[in-house]
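In this text, all values refer to a predicted model and were calculated from it rather than measured experimentally. Chain identifiers are assigned alphabetically (A, B, ...) following the order of the sequence lines, protein sequences preceding nucleic acid strands; residue numbering begins at 1 within each chain.
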Amino acid sequence: MKKHLITSAIPYVNGVKHLGNLVGSMLPADVYARFRRQLGQLDGSETLFICGTDDHGTPVEIAAQKENTPVAAFVQHWHDFQADIYTRFGLSFDHFGSSSSPQNRILTQHFAQKLKDAGLIDVRTQTMLYSKADGRFLPDRYVEGTCPKCGFGKARGDQCDGCGSVLDPTDLIEPYSSISGSKDLELRDSKHLYLKQSQLVDKLRTWIDAQNWPNLSKSIAYKWLDEGLEDRGITRDIKWGVPVPPEVFGDDFADKVFYVWFDAPIAYIAATKEWADKQGLDDSAWKDEWWFGNPDVQYTEFMGKDNVYFHTLSFPATLIGSGEPWKKVDTLKSFNWLTYYGGKFSTSMGVGIFTDTALELLADIDNGPDYWRYYLIARAPESDDSAFMWPDFQAVVNKDLADVLGNFVNRTLQFTHKNFGNSVPASSGNYTEADQACATRLNDILTRYTAHMENAEMRRSQEALRELWVAGNEYLAEQEPWKVIKTDKERAATILNLAIHMIVLYARAMAPICPFSAAKIIALFPELPAPTSMVPAAKGTPAHINTPWAWPRSLKDFHATLPSLTTFQLPEGVLFPKIADEQIADWESRFGNQKV
RNA sequence: GGCGCUUUAGCUCAGUUGGUUAGAGCAACGGAAUCAUAAUCCGUGUGUCCUGUGUUCGAGUCACAGAAGCGCCA
């Protein structure tokens, strides 16, 4: 039986993520996972969707220090903060873990041990700047000084923002610590562990040759291989991280931790163990079933393009180097950036829309998160960077969700209600050519839609979904039940019966992209099972994890999985309230409407 | 600096292995209809397919050079 393992790149724990982070991996991964779960109800396949926060590294350590908060508490706070936001966006992780979990510490140390056993770990000495005032080694970006090339006063140890030169911290004139400002720096030697990736080049190439990845992913991977993959330092002189076990690597390493990019991808595995542990399952539930040598597992990773290197080379190097049969990625889906009016979303500059703000802006609308989900999927930066603009957001949401879909549901149910009350009018069973043509068309669209979903093609999926909705409006315009009913009530009943079934079809088909709205529509039909949630409702908003709705792969599948419909309710209020022009104008003035 | 991506209708983008009059959605304009949240449906596009050179019977589609924008560089 097929098993679909899905991971989204884990967001850095420090602070709130913006919409670009959301659309770059977690949201498309969620759409794909939801689709897989629904399809699983037809083909029996299982789905596991894992994510978490990336907790380690210097930025977190320093941020916590500045707030005078213990790092672990700082991390826990932001982890919970982010998890809550994602729940409210309807992200249906089976588990949202932490790279600072005990599970990850054990696994990371396990991999380091295995790599050492395989002879792939070297000890090398690095010379780095040490700040006495800060009591720590300074990573490149935390050293500032005057650029030797252009004289720019605030050049960083890795690069000069004045002239763009790539620098070494020791190049800087009058270097100082950007943490404390102290100039009391000195060079000290420090021993570090290196992963001998250069010895894994052949194995990696053989593996990558066999992969069916998108061009972008493959070309990035080959580029690194062609240039000769360099050995990589996997330890750091900081305190916050997975400790390097001195019993394995010696006392020189007692105060060191693994580099954040060494332990972060391992957290995919560790978070799966967290998931199993939480339910009291034994190790085979996460290991043998999902990660360790099960040939039935199909593994799909979602990430922004900046993460491709780590997922195509460095993480696989860890897995392959271990000599153990750990599951490696099968399908690697990478995204470009969402920009704010063509400029960068920037956390430090406060440019763009952050996920918590996005939720607040539409807090009055109970399916408001779907507005974001739908829009972001429609504009997913799949082949190129894609620009967020307020009027575009308004146009897509109002036109597609409110006018095309919302109005179809409303016009169908209102008209039916006037003529047949709350009962679903029975079909005569006599179908016209037009009915057949409509069915054929819906079937064609569903076939394409399913194929796009299987390939995790977001924009195309959204287009197909929209086509389904348009087909319903066209059918009504053609059949004119409001005219037919004056002379032939039975025929009008058949038309409406079909239109009402389309509503349910739409709800099931849109559930991966717009789960909240799908649930809202399904709730109009008392005979249809309501969604249940695995995740506790956060702030009154359920995540709708377990949708009991089979995927409508075809009309045949749709009908086979549908209980008979006899009654319905009119929606209370409007399914998709529109976003007003004044609202957009207000947001434009608040957040800006030009490139920064 | 190295490498890569992008450049197609006012806007956002599709265009498979090169093959006849280059497509979709939005916007705009015209019309139909009135069941519906004035929503819907139908119709309307003379676009140096960034530029240049080349390969070819034939190029948006391939090659080379260049321009602009963007990204990545562990």
Taking only N/O atoms, report every protein-nucleotides 28-30 of chain B pair under 3.5 Å with atom names and distance.
none

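- A 6.0 Å sphere centred on NZ of A/Lys328 holds more than 12 heavy atoms belonging to other residues, nucleotides or ligands.
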- Message: Please encode protein proximity along nucleotides 31-38 of chain B as a string of B, S and -, counting only heavy-atom distances under 4.0 Å.
- Response: --SSBBB-
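- Looking only at distances, no side-chain donor or acceptor of A/Asn410 sits under 3.5 Å from a matching main-chain atom of A/Val574.
- Computed from coordinates, the A/Glu467 CD to B/G23 P distance equals 17 Å when rounded to whole Å.
- Look at OH on A/Tyr374: it is 10 Å from P on B/C26, rounded to the nearest Å.
- The side chain to side chain donor-acceptor pair (under 3.5 Å) test applied to A/Tyr371 returns no partner, not counting sequence neighbours.
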- Pairing string of RNA chain B (Watson-Crick or G-U wobble, both atom distances under 3.5 Å; | = paired to other strand) is (((((((..((((.....[...)))).(((((.......))))).....(((((..]....)))))))))))).
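- For the side chain to side chain donor-acceptor pair (under 3.5 Å) test, residues two or more places apart in sequence or in another chain that qualify with A/Thr494 are A/Ser428.
- For the pair A/Gln462 (side chain) and A/Ile377 (backbone), a donor-acceptor distance under 3.5 Å is absent.
- When heavy atoms are screened at a 4.0 angstrom cut-off, A/Val396 is found touching no nucleic acid atom at all.
- Summarising the geometry, the separation between CZ on A/Arg466 and C1' on B/U40 is reported as 12 Å, rounded to the nearest angstrom.
- By the side chain to side chain contact (heavy atoms under 4.5 Å, CB included) test, A/Asp586 pairs with A/Gln583, A/Ser589, sequence neighbours left out.
- Qualifying side chain to side chain contact (heavy atoms under 4.5 Å, CB included) partners for A/Thr127, counting only residues two or more places apart in sequence or in other chains: A/Leu187, A/Asp189.
- If you measure from atom CD1 of A/Ile445 to atom P of B/A24, you get 16 Å, rounded to the nearest angstrom.
- Residues that satisfy the side chain to side chain contact (heavy atoms under 4.5 Å, CB included) test with A/Thr412, not counting sequence neighbours, are A/Phe408, A/Thr416, A/Leu476, A/Ala499, A/Ile500, A/Ile503.
- Separating the CE atom of A/Met458 from the C1' atom of B/G25 is a distance of 19 Å, rounded to the nearest angstrom.
- With sequence neighbours left out, A/Trp261 forms a side chain to side chain donor-acceptor pair (under 3.5 Å) with no residue at all.
- For the ring-ring contact (aromatic ring centres under 6.0 Å, His included) condition, no pair includes a residue of residues 479-499 of chain A, sequence neighbours left out.
- To the nearest angstrom, P of B/G25 lies 12 Å from CD of A/Gln462.
- Between A/Phe310 and A/Trp469, the residue anchored nearer the 5' end of RNA chain B, judged by the nucleotide with its closest heavy atom, is A/Trp469.
- Around atom CD of A/Gln436, more than 12 heavy atoms belonging to other residues, nucleotides or ligands sit under 6.0 Å away.
- In this structure, A/Leu338 atom CG and B/G71 atom P are separated by 13 Å, rounded to whole Å.
- Regarding A/Arg232, its CZ atom lies at a distance of 14 Å from the P atom of B/C73, rounded to whole Å.
- Annotation: side chain to side chain donor-acceptor pair (under 3.5 Å) contacts of A/Tyr506 (sequence neighbours excluded): none.
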- Message: Return a single string for nucleotides 7-16 of chain B, one symbol per nucleotide in 5' to 3' order, where B is base contact, S is sugar-phosphate-only contact and - is none, cutoff 4.0 angstrom on heavy atoms.
- Response: -----SSSS-
